[in-house]
Trainee: 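I have a structure I would like to understand better, so I am pasting it below and will then ask my questions one at a time.
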Amino acid sequence: MSEKLSKDFYARDAEKVARDLLGKLLIRDKRGSKTTGKIVETEAYLGKDDPASHTFGGKKTERTEIIYGPPGHAYVYLIYGMYHCFNVVTGKDGTPEGVFIRALEPVDDLDIMRKRRGLDSEDKGNLTDGPGKLCMAMDIDKSLNGEDLTGEKLFISERKSAKDFEITEAKRINIDYAGDAKNWKLRYLIKDNPFVSEKPD
DNA sequence: GTAAAGATCCACT
DNA sequence: GTGGATCTTTACT
C-alpha cells in the first residue's frame, strides 16, 4: 500500500517539492480505468522572480490564477494548441510557484495508456516520457485544472520502499525566451532512469 | 478585433 | 537538426 501526500508536502518551496516528488507515484483514478506512473523528471518554476514562469513579475491572468491559490492543486494548461501540461501548485497560499511534471515511468495500466496514446507497440519507453505525452496517457486535460490533489481523481502517493536512486540536476527545457534563467538548474531527474524526456549533458 | 507566440511532439530532408 | 501541426492565451499595431 501507499500513502497519499498531504497538503503540507506541497506547502513548501517549489525547488524542494520538485526534488521530493521524484520517485513518487502519480495516480489518475477514473471510474473503471486507473493509471499509475512513477515521477522521474520535474522542473521547478519559482514564480515572480523567475523569467521562465507564467507568473514572472507577479503577472496574474485568468489562466494563471490557480497558481496563486493554495498548494496541492493541479495547474493544467494547453500548449501549442494540442498538448496539455500538468503542474503542481506549491508554496504558501498566495505565492505563484509550482512544479512542472515532465516525465513518468509507466507502472500501470499499460494497455490503457497505449490506447490513449494511440500506440500498439509493446514498447513502454515512449508512453509517458514527456509532458504532453504523460497528460495523454493519464487522461489529464483542462477539466482537471484546479483539481485538489488530496482528492480522489488525481493524486500523488509515497512509495513505502526506501529511496533507491540518485538525483541529477539539469537546465530546464524549451524556455529560450527566459534569458539567463534558461541556465538555472531547476530540472531534476532520477539519475540514469530511461524514461526521462531528455538526457542531461 | 487582431496578431504573435508558446514549459510539445512527430516526421523527415 | 529542422519544420509543420494547431489553437488558446495574451497583449496590443
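To find a chain, count down the sequence lines: A is the first, B the second, and so on, and within it residues start at 1.
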Trainee: Using atom OH of Y177(A) as one end and atom C1' of dT8(B) as the other, report the distance to the nearest whole Å.
Mentor: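 Rounded to whole Å, this separation is 12 Å.
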
Trainee: In whole angstrom, give the distance that lies between atom CG of N174(A) and atom P of dT2(C).
Mentor: 13 Å

Trainee: M82(A) CE to dC10(B) C1': how many Å, rounded?
Mentor: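 Whole-Å distance recorded here is 10 Å.
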
Trainee: Are the aromatic ring centres of H73(A) and Y10(A) under 6.0 angstrom apart?
Mentor: no

Trainee: Distance check, P atoms only: dG3(C) and dA5(B), in whole angstrom units.
Mentor: 16 Å

Trainee: Nearest whole Å is fine: how far is dA5(C) C1' from I79(A) CD1?
Mentor: 14 Å

Trainee: Reckon G81(A) touches a base, only the sugar-phosphate, or nothing at all at heavy-atom distances under 4.0 Å?
Mentor: base

Trainee: Are L46(A) and E97(A) packed together at the side-chain level, in the sense that at least one heavy-atom pair is separated by less than 4.5 angstrom?
Mentor: no

Trainee: Tell me which residues in residues 42-54 of chain A lie within less than 4.0 Å of DNA chain B, going by non-hydrogen atoms.
Mentor: Y45(A), A52(A), H54(A)

Trainee: Does E152(A) pair with K4(A) as a salt bridge, N-O distance under 4.0 Å?
Mentor: yes

Trainee: Please list residues of residues 56-78 of chain A whose heavy atoms come under 4.0 Å from any atom in DNA chain B, ordered by number; otherwise none.
Mentor: Y77(A)

Trainee: So which heavy atom on G47(A) is nearest to which on T55(A), and how close?
Mentor: CA-OG1, 3.3 Å

Trainee: Any sub-3.5 Å donor-acceptor pair from R102(A)'s side-chain atoms to D129(A)'s backbone N or O?
Mentor: no

Trainee: Determine whether more than 12 heavy atoms belonging to other residues, nucleotides or ligands lie under 6.0 Å from atom NZ of K199(A).
Mentor: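 Yes.
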
Trainee: Calculate the interatomic distance between H84(A) atom NE2 and dC9(B) atom P; express it in whole Å.
Mentor: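 Rounded to whole Å, this separation is 13 Å.
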
Trainee: Would you indicate whether the side-chain heavy atoms of W184(A) and D50(A) approach each other to under 4.5 Å?
Mentor: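 Yes, close enough: below the 4.5 Å cut-off.
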
Trainee: Check this for me: does any side-chain nitrogen of one of K60(A) and E65(A) sit under 4.0 Å from a carboxylate oxygen of the other?
Mentor: no

Trainee: Within residues 134-150 of chain A, which residues have any heavy atom lying less than 4.0 Å from an atom of DNA chain C?
Mentor: K142(A)

Trainee: Rounded off to whole Å, could you give me the OH-to-C1' distance for the Y80(A) and dT8(B) pair?
Mentor: 6 Å

Trainee: Determine, for K34(A) against D109(A), whether the closest basic-nitrogen to carboxylate-oxygen distance falls under 4.0 angstrom.
Mentor: no

Trainee: Quick check on contacts: within residues 180-201 of chain A, what sits under 4.0 Å from DNA chain C by heavy-atom distance?
Mentor: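 Correct list: empty, so none.
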
Trainee: Taking a pair as Watson-Crick (N1 to N3 plus N6-O4 or O6-N4) or G-U wobble (N1-O2 and O6-N3), both under 3.5 Å, which stems of 3 or more consecutive pairs involve DNA chain B?
Mentor: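 DNA chain B forms these stems: B:1-6 with C:7-12, B:8-12 with C:1-5.
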
Trainee: Examine F86(A) and L21(A) and state if one hydrophobic cluster contains both, with Ile, Leu, Val, Met, Phe, Trp and Tyr joined whenever side-chain heavy atoms are less than 4.5 Å apart.
Mentor: yes

Trainee: Just checking, R172(A) and Y45(A): is the charged tip under 6.0 Å from the six-membered ring centre and within 45° of the axis?
Mentor: yes

Trainee: Examine distances only and state if a side-chain atom of S197(A) and a backbone atom of G130(A) form a donor-acceptor pair shorter than 3.5 Å.
Mentor: no

Trainee: Check whether NZ of the Lys or CZ of the Arg K48(A) lies under 6.0 Å from the centre of the six-membered ring of F56(A) and within 45 degrees of that ring's axis.
Mentor: no

Trainee: Would you indicate whether D120(A), at its atom CG, is surrounded by more than 12 heavy atoms from other residues, nucleotides or ligands within a distance under 6.0 Å?
Mentor: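 For D120(A), atom CG is not crowded (no more than 12 foreign heavy atoms under 6.0 Å).
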
Trainee: If you look at every heavy atom in T150(A) and L5(A), which pair is closest and at what distance?
Mentor: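 It is CG2-O, 3.8 Å.
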
Trainee: On a heavy-atom basis, which atom in F9(A) and which in V17(A) lie closest, and how many Å separate them?
Mentor: O-CG2, 3.5 Å

Trainee: For K153(A), look at atom NZ and say whether over 12 heavy atoms of other residues, nucleotides or ligands are found less than 6.0 Å away.
Mentor: no

Trainee: Answer yes or no: is there an ion pair linking R187(A) with E41(A), defined by an N-O contact shorter than 4.0 Å?
Mentor: yes

Trainee: How close or far is atom C1' of dC9(B) from atom CG of L119(A), stated in whole angstroms?
Mentor: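 Roughly 12 Å, once rounded to whole Å.
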
Trainee: Charged N to carboxylate O below 4.0 Å: is that the case for K92(A) and D13(A)?
Mentor: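 A salt bridge is absent here (no side-chain N lies under 4.0 Å from a carboxylate O).
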
Trainee: Just the rounded figure in Å: distance from P of dA4(B) to CG of D176(A).
Mentor: 20 Å

Trainee: Is there a residue in residues 87-102 of chain A whose heavy atoms reach under 4.0 Å of DNA chain B, and which residues are they?
Mentor: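 Under 4.0 Å from DNA chain B: N87(A), F100(A), R102(A).
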
